[in-house]
Engineer: 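So that we are looking at the same thing, I have put the structure below in structure tokens.
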Amino acid sequence: MKYGLLGHPLGHSMSPFIHRELTKLKGAVCEYSLYDFTIDDLATKSVMLLSLDGFNVTIPYKKEIIGHIDRLDETAARYNSVNVVKTGRENVGYNTDVTGFVKSVENAGMSLGGKTLLLGCGGAASMMAVETALAGGSVTMAVRDVNSPKAAEIVAAVKKLCPDAFIETVPIDMVQGGFDIMLNATPVGMYPNVGVSPVAESVAAACGGVFDAIYNPRETLLARYAKKHGVPCVTGMEMLVRQAAEAQTIWHGLTFDEDEIKTVIDMANSEMEKR
Ligand code: NAP
């Protein structure tokens, strides 16, 4: 089985490690390579990519790849963004970032259907805002610049899919606690700048649960704040592993129980700390 990750630049991606460990659990051997192509390479290399058994797609090609495949599944179409391609008679694009995120939250016993504080207004935040609104939750989007066009686009995307949804934009430095769940979709606290949190400790303490999309370090300062106050917290490695597991299901019908997912999350966290 031959897979790979298309992106640029790829650096020290965790994807080869995660996919190899997932397939090893099922007694399979997975050859997973990194395809760090520039945009000029993409046109000539797409035939080679489509001859693989399947491949992942990351920044900056999640939209660009759409022109090279036949169709999108419902989730990829919702965001016009593809992170998994299943090759074959028809080459189909999927978005397992979405399922990885939703499953990580649900598996922790948290719900997107309540009062949600969303930090950031980038790519991940856009997906989280829409998924929250689809789940019936209200979205308070905390951003650096309340007049940001990106924040306005997210509000418009939510309103288009869920006209009755509540969504507001507030300055991130003015946020006060009292939310069912907080979703961090900013890189604040990510390696190497690990000693900072996007919000004050009191905000984390007053939330019912925290989801932090950052996976390096294993535990951000925000996650430590949550832990200190007994607030359940899910970290980004869980989303990363669950989106990869979902890709394996799409490619080969491989399914993983919770013990297997947890094993790979622990292994991936340990591997990342060695790097
Ligand atoms: P992005 O598109 O670059 O968006 C980042 C957002 O964070 C922007 O809204 C940016 O604000 C905001 N931000 C940056 N620095 C900030 C600061 N100091 N204070 C407040 N806000 C700040 O990035 P993304 O792709 O959405 O990714 C966001 C995070 O999620 C990253 O840490 C990424 O690693 C993580 N992620 C994890 C997974 C996973 O599988 N675990 C998947 C996707 C993303 P401005 O708009 O003002 O610039």
Side-chain angles (χ1 to χ4, degrees), residues 5 7-15 17-19 22 56-63 75 79-84 94-105 107-108 117-132 139-155 157 167 169-175 182-200 203 210-223 233-247 261 264-265 268-269 272:
L5 171 64
H8 181 72
L10 287 177
H12 298 290
S13 168
M14 286 300 295
S15 291
F17 180 87
I18 292 171
H19 281 285
L22 283 169
N56 287 122
V57 184
T58 189
I59 290 167
Y61 299 126
K62 289 186 176 187
K63 290 195 194 312
T75 317
Y79 296 102
N80 205 33
S81 171
V82 167
N83 78 310
V84 173
Y94 297 82
N95 192 314
T96 65
D97 287 332
V98 179
T99 30
F101 163 66
V102 172
K103 282 190 176 177
S104 297
V105 169
N107 190 59
L117 173 62
L118 171 63
L119 311 180
C121 58
S126 174
M127 178 272 282
M128 291 178 195
V130 169
E131 291 302 309
T132 301
V139 182
T140 296
M141 184 166 52
V143 296
R144 290 196 277 208
D145 171 13
V146 288
N147 297 313
S148 152
K150 287 192 289 182
E153 274 174 32
I154 293 177
V155 171
I167 179 162
T169 306
V170 300
I172 196 164
D173 52 1
M174 304 279 278
V175 172
M182 165 162 46
L183 310 171
N184 179 29
T186 77
V188 182
M190 186 166 76
Y191 180 84
N193 302 313
V194 295
V196 285
S197 166
V199 289
V203 178
V210 170
F211 173 86
D212 193 340
I214 293 173
Y215 56 86
N216 186 7
R218 176 194 292 237
E219 201 174 61
T220 58
L221 181 58
L222 178 64
C233 180
V234 180
T235 64
M237 190 60 86
E238 181 156 343
M239 176 174 164
L240 199 62
V241 170
R242 286 186 189 278
Q243 65 77 23
E246 200 68 19
I261 295 284
V264 178
I265 292 169
N269 273 322
M272 193 189 58

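When a ligand or atom number is given, it counts from 1 through the structure's own listing order.
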Engineer: Within a distance of under 4.0 Å, is there any protein heavy atom near atom 18 (N) of ligand 1?
Structural biologist: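 So atom 18 (N) of ligand 1 has protein heavy-atom neighbours under 4.0 Å.
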
Engineer: Looking at atom 4 (O) of ligand 1, what's its closest protein heavy atom, distance included?
Structural biologist: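 For atom 4 (O) of ligand 1, the nearest protein heavy atom is G122 CA, 3.3 Å.
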
Engineer: Quick check on V188 - does any of its heavy atoms sit under 4.0 Å from an atom of ligand 1?
Structural biologist: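 So V188 counts as touching ligand 1.
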
Engineer: Tell me the protein heavy atom at minimum distance from atom 20 (C) of ligand 1, and give that distance in Å.
Structural biologist: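 Result: R144 CG, 3.3 Å.
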
Engineer: May I ask you to check whether C121 has an N/O atom sitting below 3.5 Å from an N/O atom of ligand 1?
Structural biologist: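 Checking ligand 1 against C121, an N or O pair does fall under 3.5 Å apart.
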
Engineer: Between H19 and L5, does the side-chain contact (heavy atoms from CB on, under 4.5 Å) criterion hold? Intermediate values first, please.
Structural biologist: CA-CA 11 Å; H19 281 285; L5 171 64; over 6 Å; no

Engineer: Give yes if a backbone or side-chain nitrogen or oxygen of G236 is under 3.5 Å from a nitrogen or oxygen of ligand 1, and no if not.
Structural biologist: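 In this structure, G236 places an N or O atom under 3.5 Å from an N or O of ligand 1.
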
Engineer: I'd like to know if the side chain of D212 reaches the main chain of T235, judged simply by a donor and an acceptor atom lying under 3.5 Å from each other, with no hydrogens or angles considered.
Structural biologist: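 Not a single qualifying donor-acceptor pair exists.
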
Engineer: Evaluating non-hydrogen atoms only, which member of G100, A124, G123 is closest to atom 43 (C) of ligand 1?
Structural biologist: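 Minimum heavy-atom distance to atom 43 (C) of ligand 1 goes to A124.
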
Engineer: Applying a heavy-atom cut-off of 4.0 Å, say which part of T186 lies close to ligand 1: side chain, backbone, both or neither.
Structural biologist: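 Under 4.0 Å from ligand 1, T186 contributes backbone and side-chain atoms.
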
Engineer: Within the distance-only criterion (no hydrogens, no angle test), does the side chain of N95 pair as donor or acceptor with the backbone N or O of S81 below 3.5 angstrom?
Structural biologist: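 Yes, N95 side chain to S81 backbone: donor-acceptor pair under 3.5 Å.
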
Engineer: For atom 46 (O) of ligand 1, what is the nearest protein heavy atom, given as residue, atom name and distance?
Structural biologist: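 Its nearest protein heavy-atom neighbour is K150 NZ, 2.9 Å.
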
Engineer: Looking only at protein heavy atoms, which one is nearest to atom 42 (C) of ligand 1, and how far off is it?
Structural biologist: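 Heavy-atom neighbour on the protein nearest atom 42 (C) of ligand 1: M239 CE, 3.6 Å.
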
Engineer: Applying side-chain contact (heavy atoms from CB on, under 4.5 Å), run through I214 and L222 and close with a yes or a no.
Structural biologist: CA-CA 10 Å; I214 293 173; L222 178 64; over 6 Å; no

Engineer: Roughly how far apart are N184 CG and L119 CG, rounded to 0.5 Å?
Structural biologist: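 Answer for the CG-CG pair, N184 versus L119, is 5.0 Å.
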
Engineer: Take T186 and R144 through the test side-chain contact (heavy atoms from CB on, under 4.5 Å) and record every step on the way to the result.
Structural biologist: CA-CA 10 Å; T186 77; R144 290 196 277 208; over 6 Å; no

Engineer: Tell me: protein heavy atom nearest atom 34 (O) of ligand 1, and distance?
Structural biologist: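 Protein heavy atom at minimum distance: M190 SD, 3.8 Å.
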
Engineer: For A129 versus L118, what's the shortest heavy-atom pair and its separation?
Structural biologist: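 Minimum heavy-atom contact is CB-CD2, 3.7 Å.
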
Engineer: Counting N and O atoms only, with roles assigned by atom type, does the side chain of T220 sit under 3.5 Å from a partner on the main chain of A223, one being a donor and the other an acceptor?
Structural biologist: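 Yes; at least one donor-acceptor contact below 3.5 Å.
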
Engineer: Looking at CE of M182 and OG1 of T140, how far apart are the two atoms once the value is rounded to the nearest 0.5 Å?
Structural biologist: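 M182 CE to T140 OG1: 12.0 Å, rounded to 0.5 Å.
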
Engineer: Regarding ligand 1, does I172 bring an N or O atom to under 3.5 Å of one of the ligand's N or O atoms?
Structural biologist: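 I172 vs ligand 1: no N/O contact under 3.5 Å.
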
Engineer: Pick, from A213, P187, S104, A151, the option with the minimum heavy-atom distance to atom 36 (N) of ligand 1.
Structural biologist: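 When every heavy atom of A213, P187, S104, A151 is considered, A213 comes closest to atom 36 (N) of ligand 1.
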
Engineer: As an exercise, identify every atom of ligand 1 less than 4.0 angstrom from a heavy atom of Y215.
Structural biologist: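 Near Y215, meaning under 4.0 Å from one of its heavy atoms, ligand 1 has 41 (N).
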
Engineer: Does the pair V84 and N56 meet the rule for a side-chain contact (heavy atoms from CB on, under 4.5 Å), with working shown?
Structural biologist: CA-CA 4 Å; V84 173; N56 287 122; 3.4 Å; yes

Engineer: At a 4.0 Å threshold, what atoms of ligand 1 neighbour a non-hydrogen atom of I214?
Structural biologist: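 Going through ligand 1 atom by atom, the ones under 4.0 Å from I214 are 32 (O).
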
Engineer: From atom 26 (O) of ligand 1, is the closest protein heavy-atom distance below 4.0 Å?
Structural biologist: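 Yes, at least one protein heavy atom sits under 4.0 Å from atom 26 (O) of ligand 1.
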
Engineer: So with a 6.0 Å cut-off around OH of Y79, is the heavy-atom count from everything else above 12?
Structural biologist: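 Counting neighbours around OH of Y79, more than 12 heavy atoms of other residues, nucleotides or ligands fall under 6.0 Å, so yes.
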
Engineer: Using a 4.0 Å cutoff against the non-hydrogen atoms of G120, which atoms of ligand 1 qualify?
Structural biologist: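 So the answer, numbered in order with elements, is 9 (O).
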
Engineer: For atom 6 (C) of ligand 1, what is the closest protein heavy atom, and at what distance to 0.1 Å?
Structural biologist: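 Ranking protein heavy atoms by distance from atom 6 (C) of ligand 1, first comes A185 O, 3.7 Å.
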
